[in-house]
Amino acid sequence: MANDPLEHGGPLPGTGLPHDDPVAATGPARDDPRAGTALPHEDLVTRAASAAPGESGEGRRPRTGALEQDPHPAPRTGTALGAPAVRREGREKVTGNARYAAEYPVPGRVHAWPVPAAVARGRVTGVDTSAALALPGVLAVLTPGDAPRLGGTDDATLAVLQNRHVPHRGWCVALAVAETLEAARAAARAVRVDYATEHHDVVLRPDHPDAYEPGKGAQPGRLEHGDPYGAYAAADVRLDTEYRVPPLHNHPMEPHASTAHWDGDRLTVYTSSQGSTTVQSVLAGLFDLPEEHVTVVAEHVGGGFGSKGTPRPDVVLAAMAARHTGRPVTVAYPRRYMPTAVGHRAPTLHRLRLGATTDGHLTAVLHEVTTHTSHVRKYVEHAAVPSRVMYTAPHLLSSHRVVPLDVPSPSWMRAPGEAPGMYALESAVDELAGALGVDPIELRIRNEPEREPGSGKPFSSRHLAECLRESARRFGWDRRDPRPRSRTEGPLLIGTGVAAATYPVLIRPSTATAQALPDGTFLIRVNAADIGTGARTVLAQVAADALGAPLDRVRTEVGRSDLPPASLAGDSSGTASWGWAVHEACAALTARLAEHPGPLPAEGLLVRSDTAGRADADSPYARHAFGAHFAEVAVDTVTGEVRARRMLGVYAAGRILNARTARSQFVGGMIMGLGMALTEGSTMDAPFGDFTEADLASYHVPAHADVPGIEADWIEEDDPHLNPMGSKGIGEIGIVGTAAALGNAVHHATGIRFRTLPLTPDRILTGLLPQR
Amino acid sequence: MTCEKPLDPHSEITLRVNGNPHTLLVDHRRVLLDLLREDLGLTGSKKGCDHGQCGACTVLVDGRRVNGCLLLAVTLDGSEVTTIEGLGGDGEEPHPLQRAFLERDAFQCGYCTPGQICSAVGMIAEAAAGHPSHVTDPAEPSGRPVPLDGAEIRERLSGNLCRCGAYPRIVEAVEEVTG
Amino acid sequence: MKGFGYLRPTGVEEAVEAYAAHPGAHYLAGGTNLVDLMKLGVESPGVLIDVGRLPLDWVEELPDGALRVGATVRNSDLAAHPLVRDRYPVLSQALLAGASGQLRNAATTGGNLLQRTRCPYFQDLGKPCNKRQPGSGCGARDGVHRDHAVLGHSPHCIATHPSDMAVALAALDARVELYGAEGGRSIPVADFHRLPGVRPERDSEIRPGELITGVLLPAARAGVPSAYRKARDRASYAFALASVAVVLRVADGVVDQVGLAFGGLAHRPWRAHHAETALLGAAATPAAFEGAVALELDRAEPLRDNAYKVPLARNLALDVLNRLAPAPATA
């Protein structure tokens, strides 16, 4: 491995930096979750090197240093973490043998197809199922009148077929069950539903009379420090700008799907979920069962990006239909129904006011967001939150207003809040840099805060400036002519842009067991979900190091609710949360083994851990990952088409636990950010109340051809205030700020500031026209 | 050819799938993808959109890559179908592309992966047979194999969406096999 | 999708007879659009007549130098055919700009011409659409219509035709060859598709039971410089926001042959007759191109949210025209 000391010519960036202070202030033993563990710190230097990107991404193969070493290193101990271990389920996935939720061969299994509401608001006045039931192979049609009654749930989106109210278009109003997929689809279409239609309101606008300011949920809806209005009015330089992010859809490649079957009063479901422990408890509540009577299997999950973070109607419908018909039932959502059924990123309207001194020090930051939610379930896209984290802001306003509308329920989508919020904030910072005539990297560094502006807490570690400098060096930022529209290639305008990234460190309690077996192997059990992150693999690495065992002696079992309960794969919290529990179990097992002379009993030795009360304890530190995104775009003046040419992300995200899978996650996040910037947009069809872009032909997730050479890398960070592994979450930060970097590059290319995403030809060409 | 009564909505067809012959009575509505997944238990071919908009169902029919979700099974009587499960042939050894995908970490959730791999197999054959793409220089002489650089691979695989964003590594994996 | 009968005739005559026996049946070839629409419930034929294996899968050169393309030639094979690439590059380019490799392997020449609009209101049974259900109204006109027509639309329908291939064929003066109960006939591709008027449910001039048997590429256009360009939201695998097919021959600085057609702007490939008339015999200069294209696009009637298509189409056309025109001889 070409390694860091050579590349950086000295000590690693990110070691021995600012967090010495808070440690001293609060005492290392209490705050260092690693205290007392035997983690081999000397192995931190296991980062894969990556070549600097050239000026042109074309024809250049992104180097993955990780792959240049033997993917199957000889067994050694204490070196698993950080190594680029190959995905444990990889062979099953590339050979087609990995089973997803709709693919379990349950004998007698039948299919169900939902009927979506065709009005935006109203009541179902009648459901005529006779034509549907007359079709061959049709078993039943569940309607609001005869579907099984459900017990309590906090999530009203799951209370399907319980009453006749239609809260939004696409709401499930019936479910057809049949022997085959074809019969179920035909039956769903043959169901005749009559409605009493009511007036609907689906248009988000900042002055909507129903807008309200949310109280304290996960985040306070409003945070105000100092005198933001006064400070802004008094600022030497003022920027007042607006940005818009449209609704966006998660669209994991595997549609939401569940297979349910009952054995007496025991329910088993195979479902596509980011957290089957939650699915188990929710189903137990809905069907009034003891939790141990519900088994949820989510072994392989075809992506989620937040949309499978909690149960969705598919699993409830499958269980209802299975109970109703006495047959195992699969509900696989048709792709077209997903935008209204599984959540979306709520649109956000941003107003940003930045006040600064002439030498580029921020004096006031005001970030106000208006967004929507449904009448079914309150959800807040907390897009103003990054202003509480990013920059010095002696006078700060960060607020949200939410408008309840007759729209499908929004929910989590990768980096909820941060992704749209950082698009707006980082675009505004770029505007301010232009207004001040200051380099945008320099402006950011000048405004690095001593403490987190929103909370006043010290940062556990913060290496944003290092990320910016390192990626600027690799990207060749010093060769950039800062003047907008200064670089052309024939009809193409070329521009480069930068933006920062941030994502909070979130950790949830989990449990795990570690078992030593007589044959010298170890079994780790934890109900983690592997949604493509490589959870099985990285947890084995955590365990191997904690046990002092070679990686190939460790097996991991994840993705079943009968494993020790664990938190969801969301919030970029999975690895930290599960890993902590795994680490604890393994550390305790190691201690037990040391006390256990002679051969192990046949059942081995088993230790259980539970991190409740510690993993979720309040930290005296503000804990966030940071990063920097750089992008180069070409804007075609003939068509208004914007295409990315190269992108680079450099992150400071604690200790990277698997160089291979981490890089994939960073790059994947950046590509979703590319989509957010350039191709993905959903349009509320106001007369009808749903999203116009209902399929993958019209909702444009990036295709291969959109994605040039993209590189992601990281700088080492040694942060003792996180978890036993020293890791921060990495699943989401890749999308945060990427859209701003691309948008800032488009501004640099064209000299025009586009303030509504996505940057599609209609908008770009219209903007370019007066200049032609 | 006149008809007094409705035609039977089923037909018997014979297919060879991964070398094995299958004779089935199919509902005319059944598409190849559902036949593979539901009738033959070959669930490696994935349903991402069911409308030819994502490529997760890509299989090879008589050697050509196609979207299994849009092909009515009844139209394929007598065809030879190869799926992800059959790419490696009879042996235990995976296809070189499968190995390259694994070693390059050219996937995350894995759901688009079988389609990406089958598509790449078909695409490599197309380029070798001289099929141009949208990014092939029109001045290139026709009928000769088209070299597969990064831009060619990206364009030719654009019918296979990947939401995890494994694209750069997929291209690397294909380059490793073709390069 | 309800159950349906399935017939696989072995010849064109037999296919047409099958239709006569089952009026309302649909011909099925590649299925990339029809099966899609059947799954959506937009199409629900009682009988499918599979013409995908009819012996129409050849490209043949006729004695006069014209090229006849059989109706079941797959889009990928047509795009790769040496005679097409060498003589009608605009056609190869248009095909390769459309869909994906997988879809092009299945889609046929005849089916491509008959593909239906991608208007989201047409595809959603829960919304009004005069094309799908005459008299139900047009949801797009007051709804979301960024992708819709700017030329030739009517109060009843603002849909666009989605084909790339057909745009190239229109510019090439190609003809569609049809066979039906009344025998064979051919019509220019540019006249094959209709404007919506008051009957948007009719996409084309094809008669019930008629089968497309092939497309004729005229000898007169063979070897004439030509090119296709398309603008879209993502770099591949997306329908055209606008596109242009240009066939242009310049002799002694004067345009002596021109075909110009737009895609993505109208209910049919938009053959730019006004522009062509202005250009034929004119000096091949940027100013002349600009004037001629303006003459055509001045007729556009953009809707609330798609005015961008007019300058987009203009830019595309001028870009390709200027590229195809030989650089003026230096004195």
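Within every chain, numbering begins at 1; the chains are lettered A, B, ... in the order of the sequence lines, protein sequences first and strands thereafter. Computed from a predicted structure; not experimentally measured.
Distance check: His251(A) NE2 to Met672(A) CE gives 11.0 Å after rounding to the nearest 0.5 Å. For the atom pair CD (Glu254(A)) and OH (Tyr333(A)), the distance works out to 14.5 Å, reported to the nearest 0.5 Å. Atom CZ of Arg87(A) and atom CD of Glu103(B) lie 14.0 Å apart (nearest 0.5 Å). Remark: Ile13(B) CD1 to Leu35(B) CG distance equals 5.5 Å, nearest 0.5 Å. Interatomic distance, Asn160(B) CG to Ile170(B) CD1, rounded to the nearest 0.5 Å: 8.0 Å. Here Met676(A) contributes atom CE and Met670(A) contributes atom CE; the two are 14.0 Å apart, rounded to the nearest 0.5 Å.
Contact of Ile671(A) with chain B is made through the side chain alone, with heavy-atom distances under 4.5 Å. Looking at Ala697(A), both its backbone and its side chain come within 4.5 Å of chain B, counting heavy atoms on both sides. Arg99(B) does not touch chain A: none of its heavy atoms, backbone or side chain, sits under 4.5 Å away. Both the backbone and the side chain of Pro702(A) come within contact range of chain B, each with at least one heavy atom under 4.5 Å from a heavy atom of that chain. For Asp706(A), no part lies near chain B; criterion is any non-hydrogen pair under 4.5 Å. Looking at Pro105(A), neither its backbone nor its side chain comes within 4.5 Å of chain B, counting heavy atoms on both sides. Both the backbone and the side chain of Gln665(A) come within less than 4.5 Å of a heavy atom in chain B. In this structure, chain B has no heavy atom under 4.5 Å from any part of Tyr337(A). Contacts of Val707(A) with chain B are made by both backbone and side-chain atoms, with heavy-atom separations under 4.5 Å.
With chain B as the partner, the residue from Asn250(A), Thr180(A), Asn97(A), Asp530(A) showing the most heavy-atom pairs under 4.5 Å is Asn250(A). Between chain A and the options Pro9(B), Cys164(B), Ala56(B), the largest number of non-hydrogen pairs under 4.5 Å is found for Cys164(B). Across Gly668(A), Gly96(A), Ala703(A), the residue that shares the most heavy-atom pairs under 4.5 angstrom with chain B is Ala703(A).
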Trace of the salt bridge (Lys or Arg N to Asp or Glu O under 4.0 Å) decision for Arg660(A) with Asp105(B)
CA-CA 7 Å; Arg660(A) 178 186 308 243; Asp105(B) 205 39; 5.7 Å; no

What's the verdict on salt bridge (Lys or Arg N to Asp or Glu O under 4.0 Å) for Glu103(A) and Arg99(A), showing C-alpha distance, side-chain angles and the deciding distance?
CA-CA 6 Å; Glu103(A) 299 172 349; Arg99(A) 281 197 195 276; 5.8 Å; no

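Note on Arg414(A) versus Glu680(A): no salt bridge recorded, every NZ/NE/NH1/NH2 to OD/OE distance being 4.0 Å or above. Salt bridge annotation for Arg643(A)-Glu641(A): present, with a cationic side-chain nitrogen under 4.0 angstrom from a carboxylate oxygen. Remark: Asp695(A) does not engage Arg335(A) in a salt bridge, criterion side-chain N to carboxylate O under 4.0 Å.
Ring centroid separation for the pair Phe107(B) and Phe101(B) does not come in under the 6.0 Å cut-off.
Against chain A, the residues from residues 115-142 of chain B that qualify, each with a non-hydrogen atom under 4.5 angstrom away, are Gln116(B), Ile117(B) in number order. Interface with chain A: from residues 36-55 of chain B, residues Arg37(B), Glu38(B), Thr43(B), Gly44(B), Lys46(B), Lys47(B), Gly48(B), Cys49(B), Asp50(B), Gln53(B), Cys54(B) qualify, criterion being any non-hydrogen pair under 4.5 Å.
Between His300(A) and Tyr100(A), the angle of the ring planes lies from 30° to 60°, which puts this pair in the tilted group.
Considering all non-hydrogen atoms of both residues, Pro114(A) and Ala188(A) come closest at O-CB, 4.0 Å.
Donor-acceptor pairing under 3.5 Å is recorded for the side chains of Ser272(A) and Lys308(A).
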